[in-house]
Amino acid sequence: MADPSSYRPKPGQIPDSPGVYKFRDDHRRVIYVGKAKNLRQRLANYFQDLAGLHPRTRTMVTTAASVEWTVVSTEVEALQLEYSWIKEFDPRFNVKYRDDKSYPYLAVTLNEEFPRVQVMRGAKKKGVRYFGPYGHAWAIRETVDLMLRVFPVRTCSAGVFKNAERTGRPCLLGYIGKCSAPCVGRVTPDEHRELAEEFCDFMTGRTGTYIRRLEKDMMQAAEDMEYERAARLRDDAGALKRAMEKSAVVLADATDADLIAVAEDELEAAVQIFHVRGGRVRGQRGWVTDKVEAVDTSGLVEHALQQLYGEESGDSVPKEVLVPALPEDPDAVSQWLADRRGSLVSLRIPQRGDKKDLMVTVQRNAQQALGLHKTKRASDLTTRSRALEEIAEALGLDTAPLRVECFDISHLQGDDVVASMVVFEDGLARKSEYRRFQIKGFEGQDDVRSMHEVIGRRFKRYLQEKERTGEWEETPAPTGPVPAPGQAPAVPATDPAATDPAATDSATTDPAGTGPAGTSPAGTDPAVVDAAATAQRDEPREDDGRPKRFAYPPQLVVVDGGQPQVAAAKRALDELGIDDIAVCGLAKRLEEVWLPDDDDPVVLPRSSEGLYLLQRIRDEAHRFAITYQRAKRAKRIRTSPLDDVQGLGETRKQALIKHFGSVKRLRQATIDEICEVPGIGRRTAESVAAALAAAAPAAPAVNTATGEIIEEDDGGSTT
């Protein structure tokens, strides 16, 4: 590990002009490339106290052994040179996007004497016009098949073309009118090229001209009583319209634009691009990257623009580029895009209307792409096995954790504090085992204290089940009274859930769960599978045959958080005398794994399958917790004093509110007035009046703009 001060340039050596810099390691390999408006100010940031640097930046500067720079005249030149060097040197600490698949393009080979329409993948070639990318090659072929009726451009390979030229007979498409047959001289090279250019014009979005021309020719042919020709022109126009319908209109103003969205976490980022031409989505593509440098959303957008347009020119760069965040120097990037296009390019964030709505769709696709990238490994049995082995090795466990339970706390500014427990067995979610908790021991916001309570309650239930089934093997730590000889040890029962069956934690399964209750996923290692099957058979069951809620202990407990949350979880287990369950925490900031009593975290490699599995488990616990918390909050907001009236159903509550207009007016009504409501008897009216009198009226709503108090009568009912 190098000391950055050993290769720091002397004061005054670094110029204060725009430029591009390279960090090299001790083998002279370029490990990072960056650009700056002011080289002196930017490079000074790398040579400050290491403790003040981002961990990724700290790793880079301690890996480097030298730094060098090149001065340029403008920020646009710096952007172009940075892109060129990243492509040339492939630095390990630069964000590099990789295609999640090889996308097919519709290509027109205008660089040939007789241009050809075909499907192309891979690197783009000079002189070839590209459209797309498309999600599937069959989508291109369907579009081309429709358009060849109107634009009969050559689609055959060079071998087929030469053979037809030699024999003087065209291929099948030439006979059925879907090729103009330049191979046998039916059209001249200039006429065929004109057809190819019209094909390209139509694909770029200039569709109205050709459809109107066909319809005009159709009407003229009908007037001339050339009905067969009119029918053919009608079918041609219909084919073009069907080709247009393959991509729905998303922007009514027929805009040419690319929309770029980014989804990211601490370790990775996914980028999705929608290519809109003539108001229609003509193509879509996506990338995924490791965040190997300290980069925010603006930086990711800038890298995506470089990757997307670095090799493009002309109409391949659209007039408008819509992004979720502007790059650090938007003017320089806009100028760079304009230079590549040859005319002005608008780079901006959509604020309203159709473009903002479409950006939401692109963002949703980016989120799904990132989630798919992270979870697709779960379907691979070998990968799951390797992930569990890596976790066991990193945490120092004797065996791979067959069952992992993860806990997360969720609240909204200290209100509706809840927790979740999700279960993964053999690397797969077992949603029938998910549990959710309400924090009962205290009021307010304290994640550490909440974690201690939840872990304690979950494992008190586990000890209860062991005692009930006679599986108790040893006395727990002395946290309660010592049992008499021959008497089963007492379980501490400090909270209602430990003693009162009616106060148990919620065992409602995850609404998103689709797996059957009690099933265990198959593993890769036969020993692991046998262990899972044995554990399932040996699971203590209720009288109805279903597994009891907390009877099966995990081999590993994961908490969402850092050192404080891990310490709280371990303390809860120690208080119960449980010492055979491993505990760790996964912190969101840099995805470090924290162990009890360790001052330093365990840092798993970012490519580690074990880290991916821990992230998935943590994210699932967070999703389950926040879903429950939102449901509780929504239910609390909808509560009404009328809910406490015995025997008053939803229909009669609505009748009362409709009759009086609001709860405030109902509260002011007499019992006789309440009895006037159809379906409300005197006894019910007395119960309603008593319930409303006992309930404190809600605080008045205030218009924050004017400071006026909003009366309930004006706004309808407040419940």
Side-chain angles (χ1 to χ4, degrees), residues 55-56 59 92 95-101 262-271 286-293 300 366-397 399-408 420 422-431 434 512 521-525 528 554-562 566 582-595 601-625:
R56 296 189 183 100
T59 303
R92 56 176 289 201
V95 165
K96 296 180 290 293
Y97 292 113
R98 56 184 184 274
D99 277 314
D100 52 10
K101 56 184 172 180
V262 178
E264 58 182 310
D265 59 17
E266 291 296 332
L267 294 179
E268 291 185 307
V271 174
W287 296 311
V288 180
T289 183
D290 292 328
K291 293 174 69 173
V292 293
E293 61 175 298
L300 290 170
Q367 294 284 0
Q368 292 175 350
L370 183 61
L372 178 62
H373 173 74
K374 286 185 169 295
T375 59
K376 65 183 178 181
R377 293 184 167 114
S379 62
D380 183 7
L381 302 178
T382 304
T383 302
R384 293 205 313 271
S385 178
R386 185 167 66 250
L388 293 173
E389 291 172 1
E390 289 180 1
I391 291 173
E393 182 179 355
L395 304 185
L397 306 181
T399 58
L402 171 66
R403 179 183 173 106
V404 180
E405 294 181 1
C406 184
F407 296 82
D408 186 27
S420 67
V422 300
V423 180
F424 275 60
E425 288 191 351
D426 197 18
L428 290 176
R430 190 174 182 182
K431 294 189 175 182
Y434 286 13
T524 55
D525 186 350
V528 172
Q555 285 76 52
L556 175 63
V557 169
V558 180
V559 299
D560 181 13
V566 174
V583 180
C584 74
L586 187 61
K588 288 189 180 72
R589 191 174 70 89
L590 288 174
E591 307 292 6
E592 312 105 331
V593 179
W594 289 91
L595 298 176
V602 177
V603 179
L604 294 173
R606 65 181 64 257
S607 59
S608 164
E609 299 296 341
L611 178 60
Y612 275 111
L613 179 57
L614 288 176
Q615 283 179 307
R616 273 204 323 124
I617 296 172
R618 188 271 317 279
D619 293 345
E620 178 68 355
H622 179 71
R623 181 198 65 79
F624 192 42

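Counting from 1, the numbers follow the sequence of the chain as shown. Just the heavy atoms: all of them, side chains too, but no hydrogens, waters or symmetry mates, feed the values below.
- Across all their heavy atoms, D408 and H622 have their closest contact at OD2-CA, 3.0 Å.
- Panel note: side chain Q367, backbone A263; no donor-acceptor pair is recorded below 3.5 Å.
- How far CD of E393 is from CZ of R386: 12.5 Å, rounded to the nearest 0.5 Å.
- Remark: side-chain polar atoms of Q555 are paired, donor with acceptor, to backbone N or O of R403 under 3.5 angstrom.
- The shortest heavy-atom contact between W594 and G562 is CD1-CA, 3.7 Å.
- Nearest heavy-atom pair across A582 and L397 is CB-CD2, 3.3 Å.
- Contact check for L595 versus V602: side-chain heavy atoms found under the 4.5 Å cut-off.
- Here CG of D560 is found 11.5 Å from CG of L614. Values are rounded to the nearest 0.5 Å.
- A400 approaches A392 most closely through the heavy-atom pair CA-CB, 3.8 Å.
- The shortest non-hydrogen separation linking L395 to V593 is CD2-CG1, 3.7 Å.
- Ion pairing between a basic and an acidic side chain is recognised when a charged N comes within 4.0 Å of a carboxylate O; E620 and R623 show such pairing.
- Rounded to the nearest 0.5 Å, atoms CD (E592) and CG (L611) are 10.5 Å apart.
- Nearest heavy atom pair, residue E609 against residue A387, reads O-CB, 3.4 Å.
- For the side chain to side chain contact (heavy atoms under 4.5 Å, CB included) with C584, the qualifying choice from L556, V559, V566, V404 is L556, the only one to do so.
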